[in-house]
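Read the structure below first, then the notes.
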Amino acid sequence: MNDSGQEQIYLHTMLTQQRQAFEQEPFPSLAVRRDRLDRIGRLLKNHRNELCEVVSRDFGHRSSHETTMLEIVPMMGSLRHTRSHLRSWMRPERRGRSIEFLQMSNWVQHQPLGVVGIMAPWNYPLLLALGPLIDILAAGNRAMIKPSELVPETSALLAKLVAEYFKPEEVTVIEGGVEVAAAFSALPFDHLLFTGSTNVGKKVMAAAAANLTPLTLELGGKSPTIIAPDYPVASATQDIVFGKLMNAGQTCIAPDYVLVKKDKLDSFVEAFFEQVQRFYPSATGSAHFTSLVGARAHERLLKGLNECRERGIDIRTVDIPLPKSGLGLQPTLLINPPADCLLMEEEIFGPVLPVIPYNTLDDAIAFVRSRPRPLALYIFTHESETQQKVLEKTISGNVTVNGTLLHIAQNDLPFGGVGPSGLGAYHGYEGFKRFSHARGIAKVRLFNPARLATPPYGRFTALLARFMGR
Ligand code: NAD
């Protein structure tokens with residue numbers, strides 16, 4: 001048998017093993033779930049340095065501050081939040097009943113689904129592999145994780161650590177390349193969570209459809225940022241540079257492009273240069289700026305920039321020290337690029353920021369509305385009518401007002417995309433519900449009202465039908 005045949009058998013064996021273990025314990029107690037969550041916490045705390053080091057090696061270079069602040073810290077917060085609310089989330093939710101059914105009681109019980117598959121991308125390789133695990137284990141499930149082949153050292157360490165902290169029938173990590181990922185997506189999981197690009201998301205959805213596997217898709221897209229006319233440009237720029245240059249722009253919810261009022265364009269460019277140099281001064285810049293994950297990502301961005309250069313688009317590059325290892329790219333602005341250039345058609349996923357000048361706020365809103373629905377949207381304004389107008393007239397997975405990225409760190413907000421940027425949301429209570437089956441339960445107490453409507457039918461049934469059908 002060839003390697004791919006053996007891999008398939010291994011994947012099916014792991015799934016069967018997890019499913020059998022789930023059948024033995026279909027509704028884990030609060031204590032069991034909390035213990036599983038605590039083990040994720042211990043794994044992260046005990047191996048923080050090792051995890052930061054392997055991520056940096058896989059990227060070429062990434063500051064341990066970024067790995068800690070953007071991956072480990074949010075998971076620790078999410079663990080604390082989930083642990084403290086889990087008892088109430090697991091409680092049955094009482095539901096109402098109509099007057100005809102006063103003799104009944106109704107409730108919803110969130111029931112574990114079984115075995116959930118997690119497919120993670122490379123850009124936040126810890127957060128997007130272990131973060132969903134928090135919601136999945138809290139909901140009482142078991143999980144198989146397929147990390148990205150583009151971060152092989154991180155995937156290997158995750159596999160080793162998960163095997164130390166969890167039994168394989170609780171959680172297991174499957175390493176391997178694209179063929180393994182494709183086979184993984186075709187497994188008949190009870191739910192599959194895919195985080196990655198929209199193109200691969202389509203393939204994963206097609207594979208899941210063959211088994212009718214319920215799916216959550218966390219995809220990408222071009223997240224717009226609007227600086228409304230009333231908002232101080234320098235202040236907005238500080239938050240935009242932060243959101244754009246974390247992880248060198250390789251963030252699914254990074255501001256992809258900025259819409260700024262025409263007469264503020266020069267102030268924006270000036271503020272951008274100042275802010276980038278303040279964040280990445282010559283003494284520490286190379287240590288704090290992240291490399292691009294691989295040659296493919298680097299080439300894609302260079303190709304986009306070359307196209308802009310050939311088409312005479314105004315390109316402004318901020319000269320900062322690049323990381324000493326890996327492939328770096330200087331933070332770059334594209335001034336008013338046309339809609340049909342590569343970098344305005346594709347998600348940028350790098351430290352390049354197109355700036356589009358607008359005449360009126362309605363023009364800026366129309367620009368956003370004319371494009372596929374994005375994963376995130378950022379609006380900077382102090383005016384509540386402007387905020388309301390933008391919120392009502394645009395659609396996106398999430399929004400942060402007067403900041404960037406912050407919505408992802410809120411434990412009590414659903415996180416996810418809409419349309420081409422994703423399907424379904426998780427995090428906190430929404431995550432617990434996403435990976436549970438909301439089972440509606442109706443209980444007859446003293447008297448079963450259906451007994452009033454049994455044959456042989458007569459005048460009473462007719463009266464009852466008239467009352468109920470009123
Ligand atoms: P990707 O789509 O290339 O890969 C994601 C996963 O899919 C990997 O685990 C990979 O092994 C697997 N895969 C690759 N080819 C496959 C195939 N043919 N069949 C099945 N699986 C396959 O994405 P990426 O480059 O790792 O990550 C970047 C993308 O992810 C960006 O578009 C970004 O916006 C998106 N993203 C989204 C979120 C979110 O939460 N919505 C978070 C991070 C990244």
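If you read the sequence from its start, that first residue is 1, and numbering goes on from there. Ligands are counted one by one from 1 in listed order, and the atoms in each one are counted from 1 as well.
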Q: Taking atom types as modelled, find out whether Glu50 and His47 have a side-chain donor-acceptor pair closer than 3.5 angstrom.
A: yes
Q.
Quick check on atom 32 (O) of ligand 1 - does any protein heavy atom sit closer than 4.0 Å to it?
A. yes
Q.
For a quick check under 3.5 Å, do Glu66 and Thr290 share a side-chain donor-acceptor pair by atom type?
A. yes
Q. What protein heavy atom sits nearest atom 12 (C) of ligand 1, and how far off is it?
A. Ala181 CB, 3.8 Å
**Q.** Pair Arg62 + Glu71, salt bridge at N-O below 4.0 Å
**A.** yes
Q) Do any heavy atoms of Gly417 fall under 4.0 Å from ligand 1? A) no
Q.
Regarding Ser78 and Asn411, do their side chains bring together a donor and an acceptor under 3.5 Å, going by distance alone?
A. no
Q: Using heavy-atom distances, let me know which of Ile145, Asn398, Val200, Thr198 sits nearest atom 14 (C) of ligand 1.
A: Val200
(Q) Distance under 4.0 Å to a non-hydrogen atom of Lys203: what atoms of ligand 1 satisfy this? (A) 18 (N)
Q) Counting both backbone and side chain atoms, is some N or O of Ser185 under 3.5 Å from an N or O of ligand 1? A) no
**Q.** Contact atoms of ligand 1, heavy-atom distance to Ala120 under 4.0 Å
**A.** 6 (C), 8 (C), 9 (O)
Q) Does Phe349 come within less than 4.0 Å of ligand 1, judged by its heavy atoms? A) yes
(Q) Using a 4.0 Å cut-off to any heavy atom of Leu375, which atoms of ligand 1 qualify? (A) 41 (N)
Q. Which atoms of ligand 1 have any heavy atom of Leu219 under 4.0 Å away?
A. 37 (C), 38 (C), 39 (C), 41 (N)
Q | Mutual orientation of the aromatic rings belonging to His85 and His81 [parallel < 30°, tilted 30-60°, perpendicular > 60°] | A | tilted
Q. To which protein heavy atom is atom 1 (P) of ligand 1 closest, and what is the distance rounded to 0.1 Å?
A. Ser197 OG, 3.7 Å
Q: Find all atoms of ligand 1 within a distance of less than 4.0 Å from any non-hydrogen atom belonging to Phe415, and give their numbers and elements.
A: 40 (O)
Q. For ligand 1, which atoms have a heavy atom of Asn123 less than 4.0 angstrom away?
A. 43 (C), 44 (C)
Q: Using a strict cut-off of 4.0 Å, indicate which atoms of ligand 1 neighbour a heavy atom of Thr195.
A: 5 (C), 37 (C), 38 (C), 39 (C), 40 (O), 42 (C), 43 (C)
Q. Going by the angle between their ring planes, with limits at 30° and 60°, are Phe435 and Tyr426 parallel, tilted or perpendicular?
A. perpendicular
Q: Answer yes or no: is there an ion pair linking Arg142 with Glu170, defined by an N-O contact shorter than 4.0 Å?
A: no
Q | Atoms in ligand 1 flagged as close to Trp122, the criterion being non-hydrogen separation under 4.0 Å | A | 24 (P), 25 (O), 26 (O), 27 (O)
